[in-house]
Amino acid sequence: MVANLVKFVDSAAWSIRAKKVTRRLAWLRHLETLLAFLGGGIWMAGYWPSSAPRNGPVRSWRELSLFLADGRNSLLLLGAGSVLLYHVMSFSLSQLHAAQVRADGLHRAAARGDAEALSRLVRELEGREVVSCPRPATSYLLAGGINALNSEGWAPVHLAATAGADRALRVLLRSRAEVSAVGAGRATPLMLSAEAGHDKTLRLLLASGALQGISLENSDGNTALHLAVREGHSECIHRLLRARADPSAINAQGVTPFGITRCQKFTESVLNSSQLSTRDAFFEVFNQRSVARTSEVEDPQDACQPLPSSASSRRASPVMTPRRSATGSPTLTVRSCGSVLDVPVVAAEDSALEELFAEATRGGLRLSNANAISSVVTEGTSRSSPTPPNELGGVPVKITGLACLVAVASPGVLRRLVAEPVGPRGSESLQEDNKLSYFRIVGLVGEGSFGSVYEACDMRPSPGGSQVLGDRRCALKILHRRQYLAQDMLARAKRERQVLKAARHPFIVRLLCAFRTPGNEMALVMEYCPNGNLNDLIVRKGRPGLSEAITRKLLAEVLLALAYLHDELDVVFGDVKPDNIVLDTCMHAKLTDFGLAKVNVSRGGGSCGFEGSMFFVAPEVTPAAARYSPAVDIYALGLVAWVCLTGGRPTEVLEERSDAIGWRPSLLGITSNSRFDQGQKSGREQRLPPVSHEALRNWLDERRSKAETRATPRELSDLAFSFVDTTTESEPLKRGRASDLRDHPFFVESDFSPRLHDSGDWAALLPACDWPRSPGSVATQDSWSWSGPRS
Ligand SMILES: Nc1ncnc2c1ncn2[C@@H]1O[C@H](COP(=O)(O)OP(=O)(O)OP(=O)(O)O)[C@@H](O)[C@H]1O
């Protein structure tokens, strides 16, 4: 009865919440039905109550009360009545629902997120299309089909995206609704969900084909990224950046997405400003109204200036002249609306804004500066510097505010750039001032479990003076504070920095500097490797993987790096996998990500336990493991070789085991970043040995038996097979040391022997740099061949 009542409320209110309650109470209905059946069974079995009249109907109240006094009779009647009532009600309510759904039409159902109603309507719509004879009840309501715009210019898919109704959206998309339909103001569903901050909806849309339209602009020229940034939805910003949304897209006001952020920060600061005149002036400027009416303005000359609108401000944009001050430091002179403002340029391209922003927070922003900054913000990157860039030591002056990408892209930390740092400060020598402003973010390169890696321009001045070194590319890795505090990873972050700082090797990424951001996150600035990582290369190449010559060269480079780490630094890398092998401009392999490195290994240092990336972890690395040796790196290298040479062939065993532990390999079975460490392991994970070993050994055995029967598969030559076989032995001692493996026939017998006496030698061994410069050109590298001279 209760369930029926709720169902009634549900249908009457058409509320999604009530529907959920109904679903949760479904068990009550089942219970009732069960009881009814039980009662029926008892009845049929002949257990009729003795007190009930046996012949004829009940004739008096007394007889009825006697009949009901028996609990079994009451129960039976109650159950039967309830079941009957339920079916009568469901029939009438479904009729009512159908009528209402038709009356609502697709649009209202989509806005409500009513997936059931949408399915029903879509079925009707499709039925109408098939018979091509509109039914009178639906033809009017469904006119225009699934992509029809309502009177306000929205299609159902827009309304579902705005409401964040994923189920409804799925129904619409399954019914071939246009995923990038253009609605009022040229808005697409992607823009609407980004603006509303529905991260899951955004993901659904991107996965359903909205990726193609990621750079579409609405009537204001805003992309989805602009809108997500404007509303401060950091999860959505992350997702869009990962989907390669363009962070430098410029809207009609000439503002990039991160220019918008600056604008917001500035607005916030002025809102908090104690000076009424400043606040008013700012609003006047930003609301693009005349300030002539404002009586509190400081500068009457400025007050009569027209305010910047997209077109007029471009004509009357402030003149920004880079020059050198008496002390030799670069200065940006902003002339706007009759006033002049000298802003020292530290190094980052948005330092002018920083300066003005600081002035605003101090509450001393003059109207003239407010005007200037509004123009700057409005103009964004569209305005070029009036003087040649070399006047500022080769740095082109652009005001884009891109540095806040880091702040915005780290979840929920928009305020961190300007807020007081929170949490404990490290006692070590990490820099405390805002070093982040010396790096101009160009884009997101990769994301791991503990940090995001950005491509950035290093704009630090040279050690001796204020001269900016120029546009040097670097990789900026921000270790998310949230992650490393939550998982007690501070020690890990410090160890990564420590090993990177100590390592000086051509095949290990070089650490340029390390510091803390104002949000107290740790930042590592490394040499930038623009050709992506080995995993990307393998995925692009597809099966059966890379050629043996390429693989040999890349493995040799990694082997040299490992030999250096093991023998000279006494470090176990601990996380060898294709994702952590990045490719520099000349396609040389370099190891990156020392988060799991173990130091002082021969002296019993490092930790034990289950650590590493799931696919590449050696069999001896188990939760119960004692300290492990450099052999774990050799094992992982063998797996990398196998993956390179076969394209990462997944096996049934692998997939089965992956399912069992809830880890899903990608198509090629190699892209998982999953890490299992002591902090995360569950009981189930502890019982299972590493997933890849058994699969690999099975595969190797199978291949060996095929080789014996002369049915050799073409993926692996005998030498390559032997290398994989040796390095992935279950017994760590049998795998060999990195320095010995350089003499493995896989290298030696193919006219190639990796040797490195010092970093210069290796460079001399390499042929002229004829590797592809950009990741895009890699896919066509079937004809790659490489053979180095013997040392
Ligand atoms: N120096 C670099 N140059 C270019 N790309 C890099 C560089 N360092 C890292 N990357 C890219 O960034 C991605 C993530 O970096 P990294 O592995 O260091 O992050 P992480 O959070 O430690 O990841 P994981 O989850 O593997 O521990 C790498 O897969 C790589 O593609």
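Just follow the structure's listing: the first ligand is 1, and inside any ligand the first atom is 1.
- Inclusion of Glu496 in the set of residues having an N or O under 3.5 Å from an N or O of ligand 1 is not warranted.
- A distance-only check finds a donor-acceptor pair linking the side chain of Lys598 to the backbone of Leu596 [under 3.5 Å].
- The only option from Val640, Asn533, Leu554 that meets the side chain to side chain contact (heavy atoms under 4.5 Å, CB included) definition with Ile581 turns out to be Val640.
- A salt bridge links Asp567 with Arg737; the closest basic N to acidic carboxylate O contact falls under 4.0 Å.
- When each atom of ligand 1 is checked for a heavy atom of Asn533 under 4.0 Å away, the hits are 29 (O), 30 (C), 31 (O).
- Residue Glu455 does not touch ligand 1, judged by heavy-atom distances below 4.0 Å.
- Interface of Val445 with ligand 1, defined as ligand atoms under 4.0 Å from a residue heavy atom, comprises 5 (N).
- Not counting sequence neighbours, the partners of Phe594 by the ring pair (Phe, Tyr, Trp, His ring centres under 6.0 Å) test are Phe573.
- Residue contact check: Val509 has heavy atoms under 4.0 Å from atoms 1 (N) of ligand 1.
- Considering backbone and side-chain atoms together, Asp575 places no N or O closer than 3.5 Å to any N or O of ligand 1.
- Contacts with ligand 1 closer than 4.0 Å are made by side-chain heavy atoms of Asn580 only, the backbone lying farther away.
- Taking each heavy atom of Ala589 and Leu583 in turn, the nearest pair found is CA-CD2, 4.1 Å.
- Residues Arg473 and Cys457 come closest through the heavy atom pair NE-SG, 3.5 Å.
- Residue contacts with ligand 1, taken as heavy atom pairs separated by less than 4.0 Å, do not involve Lys590 at all.
- Distances below 4.0 Å separate heavy atoms of Thr592 from the following atoms of ligand 1: 8 (N), 9 (C).
- Close N/O approach between Tyr528 and ligand 1 is not found [any backbone or side-chain N/O within under 3.5 Å].
- For ligand 1, the atoms closer than 4.0 angstrom to any heavy atom of Lys477 are 16 (P), 18 (O), 19 (O), 20 (P), 22 (O).
- What you find for Ala641 and Thr551 is that their closest heavy atoms are O-CG2, 4.4 Å.
- Thr592 pairs by the side-chain hydrogen bond (donor to acceptor under 3.5 Å, both in side chains) definition with nothing, not counting sequence neighbours.
- Inclusion of Ala475 in the set of residues having an N or O under 3.5 Å from an N or O of ligand 1 is not warranted.
- Between Lys477 and Glu496, some side-chain heavy-atom pair lies under the 4.5 Å cut-off.
- Taking a cut-off of under 4.0 Å to the non-hydrogen atoms of Lys577, the atoms of ligand 1 that pass are 26 (O).
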